[in-house]
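These notes are about the structure you will find just below.
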Amino acid sequence: MYSDLAILTSLSLRMIFHLPLRQAEGFVASLVKLMGVGLTAPDHTTLCRRNRTAKVPALPRDHVGPIHLIVDSTGLQIFGDGEWHSRKHKNGKARRGWRKLHIGVDDEGFVVVAKPTGNTGDDASMIPDLRGQLDVPIKRFTGDGAYDKREVYRQVADAGTEDVMIAVPPRRRATGLAQGGRAPKAGGG
């Protein structure tokens, strides 16, 4: 029986060097032989089977102070038999599904918050869920124009430090608010 660490190490080497399972088995066996330790390498069937159940340890990433949070989302296309059927029969009747992954990273590139959702809804509506995953305040928030909404500014201000900086470009058709909190009339007056 091999430890999760042995399986993860073998599978990591497989991914780094783009090896099929049998070649990964041989590569790890040759490394073990070169190191001169009395171990055996996991065989390809064990690697395949344990690939599904091996526990990947989370990288500990503790922030001692406020962070710079950078957020965005991306679409994830779902391929299934519908997609295969559509390609095989060259018709557009099969539904192609997709999901969104909302992700937040710190200024060093570590993923600190993530939330998969359906394909409906906007990016700004996910800020409360992402904010709830943080255990430290936000000192700077960066996002694209999809986050240019009053609710986002309020949520970030609530989760941030006193002097939180928010860097979000205005949306394409954004207008400034006139005196009294009303949008200016069309035509500039």
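Below, each value reflects all heavy atoms present in this structure, side chains not excepted, and no hydrogens, waters or symmetry copies.
Glu108 meets the side chain to side chain donor-acceptor pair (under 3.5 Å) test with Arg61; sequence neighbours excluded. For Pro137, the side-chain contact (heavy atoms from CB on, under 4.5 Å) partners at least two apart in sequence or on another chain are Pro66, Thr161. Under the side chain to side chain donor-acceptor pair (under 3.5 Å) criterion, Glu25 pairs with His44, not counting sequence neighbours. Partners of Thr117 by side-chain contact (heavy atoms from CB on, under 4.5 Å), not counting sequence neighbours, listed by chain and number: Lys100, His102, Lys115, Met126. Looking at residues two or more places apart in sequence or on another chain, you find a salt bridge (charged side-chain N to carboxylate O under 4.0 Å, His left out) between Asp4 and Arg50. For Arg154, the salt bridge (charged side-chain N to carboxylate O under 4.0 Å, His left out) partners are Glu151, Asp158, not counting sequence neighbours. Under the rule for a side chain to side chain donor-acceptor pair (under 3.5 Å), Lys139 has no partner lying at least two apart in sequence or in another chain. Scanning for side-chain contact (heavy atoms from CB on, under 4.5 Å) contacts around Leu134 gives Ile67, Leu69, Val112, Val113, Ile138, with sequence neighbours left out.
Counting only residues at least two apart or in different chains, ring-ring contact (aromatic ring centres under 6.0 Å, His included) contacts with residues 128-152 are absent.
Between the CZ atom in Arg99 and the OG1 atom in Thr74 there is a gap of 14.5 Å [rounded to 0.5 Å]. The CG atom of Asp129 lies 9.5 Å from the CD atom of Gln155; values are rounded to the nearest 0.5 Å. Interatomic distance, Asp107 CG to Thr142 OG1, rounded to the nearest 0.5 Å: 9.5 Å. Note that CG of Asp122 is 9.5 Å distant from CD1 of Ile127, once rounded to the nearest 0.5 Å.
A donor-acceptor pair shorter than 3.5 Å cannot be found between the side chains of Asp106 and His68.
The residues Asp43 and Arg22 are annotated as not salt-bridged, no charged nitrogen and carboxylate oxygen being separated by less than 4.0 angstrom.
Within the 4.5 Å cutoff, the side chain of Leu11 has heavy atoms near those of the Leu47 side chain. Inter-residue side-chain proximity for Ser73 and Leu101 is flagged as unmet; no heavy-atom pair is nearer than 4.5 Å.
Summarising the geometry of Ala124 relative to Val152, their closest heavy-atom pair is CB-CG2, 3.4 Å, with the distance given to 0.1 Å. Among all heavy-atom pairs drawn from Ile7 and Ala54, the shortest one is CG2-CB, 4.3 Å. Between Asp144 and Pro169, the shortest heavy-atom contact is C-CD, 4.0 Å. Shown here for Val168 and Gly145, the closest heavy-atom pair between the two residues is CG1-CA, 4.5 Å.
Panel note: side chain Ser12, backbone Leu8; a donor-acceptor pair is recorded below 3.5 Å.
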Solution key, residues 26-40 side-chain donor-acceptor pairs under 3.5 Å, sequence neighbours excluded:
{"from": "Ser30", "atom 1": "OG", "to": "Gly26", "atom 2": "O", "distance (Å)": "3.4"}
{"from": "Ser30", "atom 1": "OG", "to": "Phe27", "atom 2": "O", "distance (Å)": "2.7"}
{"from": "Thr40", "atom 1": "OG1", "to": "Tyr2", "atom 2": "OH", "distance (Å)": "3.0"}

Atom pairs and distances, side-chain donor-acceptor, residues 14-21, under 3.5 Å, sequence neighbours left out:
{"from": "Arg14", "atom 1": "NE", "to": "Leu19", "atom 2": "O", "distance (Å)": "2.9"}

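Side-chain heavy-atom separations under 4.5 angstrom define the hydrophobic clusters, and the remaining members of the one that includes Val111 are Ile70, Ile103, Val105.
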